[in-house]
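Here the structure is laid out as structure tokens; the discussion comes afterwards.
Because the structure is predicted, anything quoted here is derived from the model rather than measured. Just so you know, these numbers use all the heavy atoms, side chains as well, and skip hydrogens, waters and symmetry mates. Here is how names work: the chains are called A, B, and so on, in the same order as the sequence lines, proteins then strands, and each is numbered from 1.
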There are 2 protein chains.
Amino acid sequence: MADRRGQPLNRERIVGAAIELADAEGLDAVSMRRVAARLGAGAMSLYRHVSDKEQLVLEMAEELTARHAYPDDPGDLDWRGRIHLMARHDWDMYTSHPWILTVVANLEPPVGPHGLAAMEWALRAVEPLGLSLPASARAIMTVTHYLQGSARMALSASGPSREDSDPGAAWQRRLGGADLSRYPRVQALVTSDYMAERGGRDWVTSGLDVVLDGIAAEADRSR
Amino acid sequence: MADRRGQPLNRERIVGAAIELADAEGLDAVSMRRVAARLGAGAMSLYRHVSDKEQLVLEMAEELTARHAYPDDPGDLDWRGRIHLMARHDWDMYTSHPWILTVVANLEPPVGPHGLAAMEWALRAVEPLGLSLPASARAIMTVTHYLQGSARMALSASGPSREDSDPGAAWQRRLGGADLSRYPRVQALVTSDYMAERGGRDWVTSGLDVVLDGIAAEADRSR
DNA sequence: ACCCCCTTGGGTACGGTGTACGCATATGGT
DNA sequence: ACCATATGCGTACACCGTACCCAAGGGGGT
């Protein structure tokens, strides 16, 4: 087995290496061989500690939600403040590890022990609203989906710009050569400052408040 | 080239075959070879009409949004009615072609000529609210993300049940052997009827109205 | 001391993937 | 008749997940 860089293989080291790889080169770069290589090990050795590649990805998500767990004691924040706190934590996770958005999109619903803990934390946060448990869960998932969608938009906005050749080329490829003038509202939109600010935190935060206003109204109604 | 089943190869036939394949066996089953085989052609022949696999997937999404386009004349519906109409169209698309959810999750923002047309339609629908164009766009994306997230939850709820051996095995694998009793609210949630009705149309529709109430309040405020 | 088993590491190989390259054939224009 | 162009596709390469089998070492029992 020779020297084998560093400690012996174990689950945590494997998951950590996979996360580093995904952070550096994206989720597609995470292959068993490349993760193993990063540990100075052979590809098949990983299977002693992880049953599947799918399971490895699951553990990556778990580890990330653990690292970005919400504080045990949120202090004297009201429900809205706590949801904003949650949003800030999630947003930080999405922007520092964008690949997690791809993972959760194909997972859904949230999972793993730490995923459960996060759900419990959120249910606790909205408890003062007096909503039923199913309604509370729906409200939280609505917020989560809003955040994930916004993060995807914000990140894909800055994403194609990494391509050197022509930043507008990928755009045109996606548009399929459509005639923008046939859609005046969309045209006005892309020429407005919407594109610039749609990824900003203020823009996302105020949009979150729109969603929360709807939830607050639902709570008032049911009370 | 021999007989070559049916007409000569062209983009529409390729995209159509790819959609059929994805409907029948999921997005992962869509490979250049299998799509070509379905047309009685060789794998490399597809590249005469499609530049990439990525482009093929883009065209699949485009074709689907074209098939599920919103009606040109929505009649005398008010803005809320029109958004509900949009929601019904989208929901039908998600449930009849679940793979599209995976595609749009990695695309974002919506694209292609028909994607633009859909956006224009929605911007027109919310125009009576008097919101600014960026605010309107944000509202529409919020609704879209709510619907996509709900569809993902609804479909993944019925998804793992297809596995024969043990329907709860995949669940346990995802939970990672967590102790549910440590999370009383989550535990109460999964034992409630939330799991049963969370995929139902009424549940999703009333959740949509919660979001729309928030948007309506925003419009009232800015007026 | 010896043997045996069991855990961990990993090399080889199989069937799959996207696609670069080059050749064969059919078609249309002159 | 001849050539240009468009279309179909066979081969090959690099990479993927992973089934299978063997090598090396660490305890425990005798």
Side-chain angles (χ1 to χ4, degrees), chain A residues 1-22 24-61 99 102-103 106-107 163 165 169-170 173, chain B residues 1-22 24-61 99 102-103 106-107 163 165 169-170 173:
Chain A
M1 68 183 66
D3 63 317
R4 196 200 327 88
R5 269 195 286 285
Q7 297 80 13
L9 236 39
N10 62 30
R11 196 171 313 213
E12 291 171 24
R13 265 167 51 79
I14 292 174
V15 173
I19 290 178
E20 284 178 21
L21 225 178
E25 304 188 44
L27 193 59
D28 289 344
V30 176
S31 75
M32 301 306 265
R33 283 178 239 261
R34 301 224 24 209
V35 170
R38 193 167 264 255
L39 296 165
M44 293 314 292
S45 306
L46 306 188
Y47 286 91
R48 292 285 169 192
H49 306 90
V50 168
S51 67
D52 248 351
K53 183 187 177 179
E54 184 186 334
Q55 238 230 352
L56 172 57
V57 175
L58 247 49
E59 305 243 27
M60 290 169 68
W99 50 268
T102 305
V103 175
N106 301 329
L107 235 58
E163 249 84 352
S165 57
R173 175 197 176 102
Chain B
M1 68 184 62
D3 63 317
R4 199 199 324 88
R5 270 196 285 285
Q7 297 80 14
L9 235 41
N10 61 30
R11 197 174 310 218
E12 291 171 24
R13 264 166 51 81
I14 292 175
V15 173
I19 290 178
E20 283 177 23
L21 224 176
E25 304 188 45
L27 194 59
D28 289 343
V30 176
S31 74
M32 301 305 265
R33 284 177 238 264
R34 298 216 39 200
V35 171
R38 192 168 264 255
L39 296 165
M44 293 314 292
S45 307
L46 307 188
Y47 286 90
R48 291 287 172 191
H49 306 89
V50 168
S51 67
D52 247 351
K53 184 186 176 180
E54 184 186 335
Q55 237 231 352
L56 172 57
V57 175
L58 247 49
E59 305 244 26
M60 289 170 68
W99 49 268
T102 304
V103 175
N106 300 330
L107 234 57
E163 249 84 351
S165 57
R173 175 195 176 103

- Go through D:dG8, C:dC21, C:dG9 for me and flag the one nearest to the B:Arg48 side chain.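 Of the options given, the side chain of B:Arg48 lies nearest D:dG8.
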Side-chain touch [X]/[Y], heavy atoms, less than 4.5 angstrom:
X	Y	value
B:Asp52	B:Leu56	no
B:Met60	B:Val103	no
A:His49	A:Leu9	yes
A:Leu107	A:Leu58	yes

Whole Å only: how far is the [atom1] atom of [X] from the [atom2] atom of [N]?
X	N	atom1	atom2	value
B:Glu54	C:dT17	CD	P	19 Å
B:Leu39	D:dT7	CG	C1'	15 Å
B:Leu21	C:dG16	CG	P	15 Å
B:Leu46	D:dT7	CG	C1'	12 Å
B:Leu9	D:dC9	CG	P	7 Å
A:Tyr47	C:dG10	OH	C1'	13 Å
A:Asn10	C:dT8	CG	C1'	12 Å

- Phosphate oxygens OP1/OP2 of D:dG8: is one of them under 4.0 Å from a side-chain N or O of B:His49? yes
- Message: Under 4.0 Å from OP1 or OP2 of D:dG8: is there any side-chain N or O of B:Ser45 that close?
- Response: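 Answer is no, no contact under 4.0 Å.
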- Note on the structure: For B:Glu12, the side chain to side chain contact (heavy atoms under 4.5 Å, CB included) test, sequence neighbours excluded, returns B:Asn10
Which donor-acceptor pairs under 3.5 Å do side chains of residues 27-36 of chain A form with protein atoms, sequence neighbours excluded?
residue, atom, partner, partner atom, Å
A:Ser31, OG, A:Arg34, N, 3.2
A:Arg34, NH1, A:Glu25, OE1, 3.3
A:Arg34, NH2, A:Glu25, OE1, 3.4
A:Arg34, NH2, A:Glu25, OE2, 2.7

Can you check nucleotides 14-16 of chain D for protein contacts, nitrogen or oxygen pairs under 3.5 Å, and list what you find?
residue, atom, partner, partner atom, Å
D:dC16, OP1, A:Ser31, OG, 2.9

